[in-house]
Amino acid sequence: MTRPTETAVATEPVGDAVIIARSKDEPELFAQIFRRHAPVIQRYVTRRLGPSVAEDVCADVFLAAFRQRHRYAADRLDARPWLFGIATNLVGRHRRAEIRALKALERTGVDPVTEAFEVSSDARLGAGAVDRRLAAALAALRPVYRDVLLLVAWGDLTYEEIAVALGVPVGTVRSRVNRARSRMRAALGGADPTSIQEDL
């Protein structure tokens, strides 16, 4: 007796927008969004605020996202810009902790996530990622400039994704990144530590 041939059906991962839409009726599905994106959000928040408050802030990001899931735009297939926007807003409530973390990096040269998270996007800040002068220059930036610069360098977002994250036009993002890079170059004696490659 022969068995019918089983055909393997390749299943593609379900996009974030679909999961978020379905989580409106099946809230437990939102855990998939957490599993997909929590590591990168945790890393970003840890870099911005230091490890002492990062875990709580990261939890708050996903709690806020869960509560706001009914307002998620279904045409946004990737939830990362949305989550980074929430994270950036929450970081804004902890500016003193962020400045303390940058001052600690300036003093010690020790990045709080370098050993725990080794990923290729770290190269975007170049070899000076934990340089003390870089930390001092970041601390001196106005928050709106620091936000866009770090969303590019540490969040690995495009200008368009940053515009979605922050709810501003992409031209505003480009302008802020340009100003931030100019100020960083001036503070670092003409060196550009970001090496941001962006198609205009």
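If you take CG on Leu166 and CG on Asn89, they are separated by 7.5 Å, rounding to the nearest 0.5 Å.
Using a 4.5 Å heavy-atom threshold, the side chains of Phe30 and Ile19 count as separate. Between Asp16 and Leu77, the closest side-chain pair of non-hydrogen atoms is not below 4.5 Å. Within the 4.5 Å cutoff, the side chain of Tyr159 has no heavy atoms near those of the Val148 side chain. Counting heavy atoms from C-beta outward, Tyr44 and Leu151 have side chains that approach closer than 4.5 Å. Taking the side chain as every heavy atom from C-beta outward, Leu90 and Arg93 approach each other to under 4.5 Å. The shortest distance between side-chain heavy atoms of Gln42 and Thr46 falls below 4.5 Å. In this structure, the side chains of Val40 and Phe84 come closer than 4.5 Å at one or more pairs of heavy atoms.
Between the side chain of Arg146 and the backbone N or O of Leu138, at least one donor-acceptor pair lies under 3.5 Å. Between the side chain of Ser175 and the backbone N or O of Gly171, no donor-acceptor pair lies under 3.5 Å. Not one N or O on the side chain of Thr172 forms a donor-acceptor pair closer than 3.5 Å with the backbone of Val168.
Closest approach of Leu149 and Ala180 over heavy atoms only: CB-CB, 4.1 Å. Residues Tyr145 and Arg179 come closest through the heavy atom pair OH-CD, 3.3 Å. What you find for Ala139 and Ile99 is that their closest heavy atoms are O-CD1, 3.6 Å. The minimum heavy-atom distance between Trp82 and Ile20, with the atom names listed, is CZ3-CD1, 3.8 Å. In terms of heavy-atom proximity, Pro81 sits nearest to Ala165 at O-CB, 3.0 Å. In plain terms, the two heavy atoms of Met184 and Ala137 that are nearest each other are SD-CB, 3.7 Å.
Here salt bridge (charged side-chain N to carboxylate O under 4.0 Å, His left out) pairs that include residues 65-86, with residues two or more places apart or in two chains, are Asp78-Arg80, Arg80-Glu161. The side chain to side chain donor-acceptor pair (under 3.5 Å) contacts involving residues 52-61 comprise nothing, where partners must be two or more places apart or lie in separate chains.
Under the 4.0 Å criterion applied to side-chain N and carboxylate O atoms, Arg22 and Glu28 are not assigned as salt-bridge partners.
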